[in-house]
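To find a chain, count down the sequence lines: A is the first, B the second, and so on, and within it residues start at 1.
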Amino acid sequence: MRSRVYLLSPLPPCDEHQLFLRAQALSGFTLGELARRIQWTIPANLKKKKGWVGMLLEFYLGAKAGSKPEQDFADIGIELKTIPVSAQGVPLETTFVCIAPLTGNSGVIWDSCHVRNKLSRVLWVPVEGERHIPLADRRIGAPLLWSPNAEETKRLRHDWEELMDLIVLGKVESITARHGEVLQLRPKAANRYALTEAIGEKGQPIMTLPRGFYLKKAFTRELLARYFLL
DNA sequence: GGCTGATCATAA
DNA sequence: TTATGATCAGCC
């Protein structure tokens, strides 16, 4: 008889080191191996299970499941990000950071914003993401604990302030993903009908697609490369 | 082929 | 509806 113990997620890690050790212990395993061990069904692809890899890693690392706007490991101040990479370790997708607040932004500053909070400390877990590799065969890579350095912080802050200014000024619908050097604003919605309130060009309330902040690939590529070349 | 804009599943 | 987890896929 199988013990149900193996189906339980571990307790949240006590500290950063313990979390990192857990992540290191997963590196080299395939998603199939990890999924089978906890009796998770492996989808044929991610088309209808886009968050599946992230959820699997959350389970193994003891992240609290939940949809609160805070870090995955709030107690120890760390955000978990799985990132799909090529065989060369190059990111294949942008990285979602958080929902962008489109109203009630008077007085919001960088020092207390969600973007800064989420990115203050990130555990990056690279996972093979090329679509020609069956999901079950994709391997977990070596994890990386990262905090933005002075240069990265400066760039993030600059983009954030520019984007937030446009949002406050009622220009959210004129923002494209081309704005921002390292941080971009793009739709983050269930579908085209899921609208949220924002500020229009004349300061009036409008309904528009929810937006999210994303890290551009060049930014994550550089931070991963910087680490793995050290 | 890469990127931007669109979309999928699920919980509360 | 808003938040979490993100990747899809058509257009340039």
Side-chain angles (χ1 to χ4, degrees), chain A residues 9 12 23 26 31 34-35 38 40-74 78-88 90-105 113-115 117-119 122-135 138 140 159 163 166-167 172-198 205-221:
Chain A
S9 184
L26 299 179
L31 297 179
L34 297 186
I38 57 174
W40 275 26
T41 301
I42 304 165
N45 56 61
L46 297 176
K47 286 183 187 180
K48 293 193 177 294
K49 293 284 177 181
K50 297 183 180 181
W52 188 81
V53 179
M55 303 296 281
L56 183 67
L57 271 291
E58 279 190 348
F59 182 95
Y60 268 90
L61 296 175
K64 300 194 196 97
S67 54
K68 299 177 293 297
E70 58 183 33
Q71 294 158 311
D72 293 293
F73 303 95
I78 297 179
E79 173 73 10
L80 170 68
K81 286 295 176 198
T82 59
I83 183 166
V85 296
S86 71
Q88 292 72 232
V90 174
L92 298 173
E93 294 287 350
T94 56
T95 302
F96 172 70
V97 179
C98 60
I99 292 289
L102 302 183
T103 59
N105 284 311
C113 76
H114 288 304
V115 172
N117 180 245
K118 289 252 182 177
L119 297 181
V122 178
L123 177 70
W124 295 97
V125 181
V127 177
E128 288 181 330
E130 287 170 336
R131 294 189 203 178
H132 68 80
I133 308 175
L135 193 55
R138 298 184 191 176
I140 312 286
D159 286 349
L163 292 166
L166 291 170
I167 289 171
V172 62
E173 298 198 309
S174 68
I175 299 174
T176 76
R178 280 156 285 240
H179 282 82
E181 178 199 352
V182 298
L183 194 68
Q184 63 184 176
L185 195 77
R186 306 211 315 270
K188 167 67 173 173
N191 55 59
R192 80 189 72 167
Y193 310 111
L195 304 180
T196 192
E197 189 174 306
I206 60 170
M207 295 305 283
T208 190
L209 228 41
R211 306 301 209 281
F213 286 110
Y214 296 78
L215 296 176
K216 293 190 174 183
K217 284 196 280 185
F219 183 77
T220 49
R221 182 183 65 210

Distance-only criterion, 3.5 Å: show the donor-acceptor pairs between side-chain atoms of residues 125-132 of chain A and protein atoms not counting sequence neighbours.
residue  : atom : partner  : partner atom : Å
A:Glu128 : OE1  : A:Arg139 : N            : 2.9
A:Glu130 : OE1  : A:His132 : NE2          : 3.2

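- A:Arg211 comes within 4.0 angstrom of nothing in the nucleic acid, heavy atoms only.
- Distance, A:Leu185 CG to B:dG5 P: 10 Å, rounded to whole Å.
- With sequence neighbours left out, A:Glu181 forms a salt bridge (charged side-chain N to carboxylate O under 4.0 Å, His left out) with A:Arg155.
- Bending across the helix from B:dG1-C:dC12 to B:dA12-C:dT1, expressed as the angle between its end axes from five pairs apiece, amounts to 30° (10° rounding).
- Within 4.0 Å of A:Glu197, counting heavy atoms only, lies no atom of the nucleic acid at all.
- Residues meeting the side chain to side chain contact (heavy atoms under 4.5 Å, CB included) test with A:Pro210, sequence neighbours left out: A:Ala189, A:Thr196.
- By the side chain to side chain contact (heavy atoms under 4.5 Å, CB included) test, A:Pro43 pairs with A:Lys49, A:Trp52, A:Leu135, sequence neighbours left out.
- Sorted by first and then second residue, the pairs that involve residues 54-74 of chain A and meet salt bridge (Lys or Arg N to Asp or Glu O under 4.0 Å), not counting sequence neighbours, are A:Lys64-A:Asp75.
- Partners of A:Arg178 by side chain to side chain donor-acceptor pair (under 3.5 Å), not counting sequence neighbours, listed by chain and number: A:Thr176.
- Among the protein residues, A:Lys118 comes within range of the sugar-phosphate backbone only, with heavy atoms under 4.0 Å from sugar or phosphate atoms but none that close to a base.
- Looking at heavy-atom distances under 4.0 Å, A:Lys81 makes contact with sugar-phosphate atoms alone, never a base.
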Reading nucleotides 6-12 of chain B from 5' to 3' and marking B where a protein heavy atom lies under 4.0 Å of the base, S where only the sugar-phosphate is that close, and - otherwise, the string is BBBSSB-
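- Counting any heavy atom pair closer than 4.0 Å across all strands shown, A:Leu195 reaches sugar-phosphate atoms only and no base atom.
- Side-chain contact between A:Ile38 and A:Tyr60 is present, with at least one heavy-atom pair separated by less than 4.5 Å.
- At a threshold of 4.0 angstrom between heavy atoms, the contacts of A:Thr95 with the nucleic acid are absent.
- Atom P of nucleotide B:dT4 and atom NE2 of A:His179 are separated by 12 Å, given to the nearest angstrom.
- Taking A:Lys50 as the reference, nothing meets the salt bridge (charged side-chain N to carboxylate O under 4.0 Å, His left out) condition, with sequence neighbours excluded.
- Between A:His179 and A:Gln184, every side-chain heavy-atom pair lies at or beyond the 4.5 Å cut-off.
- Sorted by first and then second residue, the side chain to side chain donor-acceptor pair (under 3.5 Å) pairs with a member in residues 94-105 of chain A read A:Thr94-A:Arg186; sequence neighbours excluded.
- The side chain to side chain donor-acceptor pair (under 3.5 Å) contacts involving residues 209-219 of chain A comprise A:Thr208-A:Arg211, where partners must be two or more places apart or lie in separate chains.
- Using a 4.0 Å heavy-atom cutoff across all strands shown, A:Pro84 reaches sugar-phosphate atoms only and no base atom.
- Heavy-atom contacts of chain A under 4.0 Å fall on DNA chain C between two terminal nucleotides, which in 5' to 3' order are C:dT1 to C:dA9.
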